[in-house]
Undergrad: 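One structure, pasted below without further comment.
None of the values given here were measured: they were computed from a predicted structure.
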Amino acid sequence: MAKGTSNRTVTRGRFITFEGGEGAGKSTQIKLLAERLNAARIRTLLTREPGGSPGAEIMRHMILSGIGALIGGPEAETLLFAAARDDHVHTVIEPALAQGFWVLCDRFSDSTRAYQGQMGEVAPALLNAMQRVTIGDLKPDLTLILDVPVEIGVKRAATRRGTAAPDRFEAESLEFHRRLREAYRQIAVDEPQRCVLIDANAKLKPVAAKVWAAVQQRLLSSKLNEVQHA
Ligand code: Z5A
């Protein structure tokens, strides 16, 4: 072995995604989880979609301006989200996981399923093809779906936005957000091994406690085993 190099193998990190409708508290809770994991000496990378890499952040501005919906409807938006995700996965998420970081991502492929698939009625064939190209076999180890009544989520988001104009998705109707909530709840029912539905209609601390309990139960018990057997 060359001088200065180590034969220590790096255990691949875990991939956790946060999903849910508008104002559910994803961005707030993901930061709290990162703090808790860091305190437990687990190296984390906090990222988001659309965006998360320099190239994808440029695309984020385009997408949220509504240009995709304007030029080609939900199919065009699907292609834009896919292009941003491809860059994000290959330049940020995969390298970080390989280096042992736990990657926490604010929205990921379930958002495409819910927004473009269920709400935009984009054909499953297109969604599946885009998924194959962008993420291949990459699958979150855990997806936390934050669930709040639509009126509450929309109100929280409006308070946060203040006097700024709503973006492409924030401007949708209450009925849109109701159907979106159902789409997410269905994902949780369809994939119970990967997803945990979190009742996020509570103050910050109780929601954070539920998030932490899910992470401990689903991922940290096996991590402790790894440490004990190392
Ligand atoms: N999109 C898509 O269509 N397809 C895709 O594949 C992907 C995304 C990846 C990105 O929006 C949009 O892109 C998104 C879906 C679409 N559309 N929408 N809407 P974004 O990144 O700009 O924002 P977001 O992800 O939608 O965030 P959000 O839903 O609006 O918010 P949140 O992250 O869930 O909530 P928050 O920012 O943590 O909290 C909102 C406010 O509530 C804030 O002032 C907090 O202080 C407050 N808050 C949070 N928790 C609580 C509790 N527990 N009690 C009281 N107040 C709280």
Undergrad: Are Leu33 and Val103 in one and the same hydrophobic cluster, where Ile, Leu, Val, Met, Phe, Trp and Tyr link if side-chain heavy atoms are under 4.5 Å apart?
TA: no
Undergrad: Where is the tightest heavy-atom contact between Val196 and Ala214, given as atom of each residue plus distance?
TA: CG1-CB, 4.1 Å
Undergrad: Side-chain heavy atoms nearer than 4.5 Å, only ILVMFWY residues, links allowed to pass through others: does that put Val207 and Val148 together?
TA: no
Undergrad: For Pro50 and Ile63, which heavy atoms make the closest approach, and how far apart are they?
TA: CB-CD1, 4.1 Å
Undergrad: Could you walk me through whether Tyr115 and Thr78 pass the side-chain hydrogen bond (donor to acceptor under 3.5 Å, both in side chains) check?
TA: CA-CA 9 Å; Tyr115 281 81; Thr78 302; over 6 Å; no
Undergrad: Could you pull out the closest heavy-atom pair between Gln116 and Phe81, with the gap in Å?
TA: NE2-CE1, 3.3 Å
Undergrad: What closest approach, in Å, do Ala208 and Leu32 show between heavy atoms, and which atom pair accounts for it?
TA: CB-CD1, 4.0 Å
Undergrad: Is Leu219 reachable from Leu46 through a run of I, L, V, M, F, W or Y residues, each pair having side-chain heavy atoms under 4.5 Å apart?
TA: yes
Undergrad: Look at the side chain of Lys26 and the backbone N and O of Ile145, then say whether any donor-acceptor pair between them is shorter than 3.5 Å.
TA: no
Undergrad: Stepwise, does the side-chain contact (heavy atoms from CB on, under 4.5 Å) test hold for Trp212 with Leu220?
TA: CA-CA 10 Å; Trp212 184 238; Leu220 276 173; 3.5 Å; yes
Undergrad: Any salt bridge linking Glu172 with Arg178? Criterion: basic side-chain nitrogen under 4.0 Å from a carboxylate oxygen.
TA: no
Undergrad: Can a donor-acceptor pair be found, under 3.5 Å and without considering hydrogens, that links the side chain of His90 to the backbone of Asp86?
TA: yes
Undergrad: Does anything in residues 92-116 form a salt bridge (Lys or Arg N to Asp or Glu O under 4.0 Å)? List the pairs, not counting sequence neighbours.
TA: Arg12-Glu94, Asp110-Arg194
Undergrad: For Arg48 and Ile30, what are the C-alpha separation, side-chain angles and deciding distance, and is it a side-chain contact (heavy atoms from CB on, under 4.5 Å)?
TA: CA-CA 10 Å; Arg48 68 171 179 184; Ile30 205 168; over 6 Å; no
Undergrad: Could you tell me whether the side chain of Arg14 and the main chain of Leu104 form a donor-acceptor pair under 3.5 Å?
TA: no
Undergrad: Using only atom types and a distance under 3.5 Å, with no angle test, would you say the side chain of Arg43 pairs donor to acceptor with the backbone of Gln99?
TA: yes
Undergrad: Do other residues, nucleotides or ligands put more than 12 heavy atoms under 6.0 Å from Glu121 CD?
TA: no
Undergrad: Closer than 3.5 angstrom, by distance alone: can the side chain of Gln29 be matched with the main-chain N or O of Leu204 as a donor-acceptor pair?
TA: yes
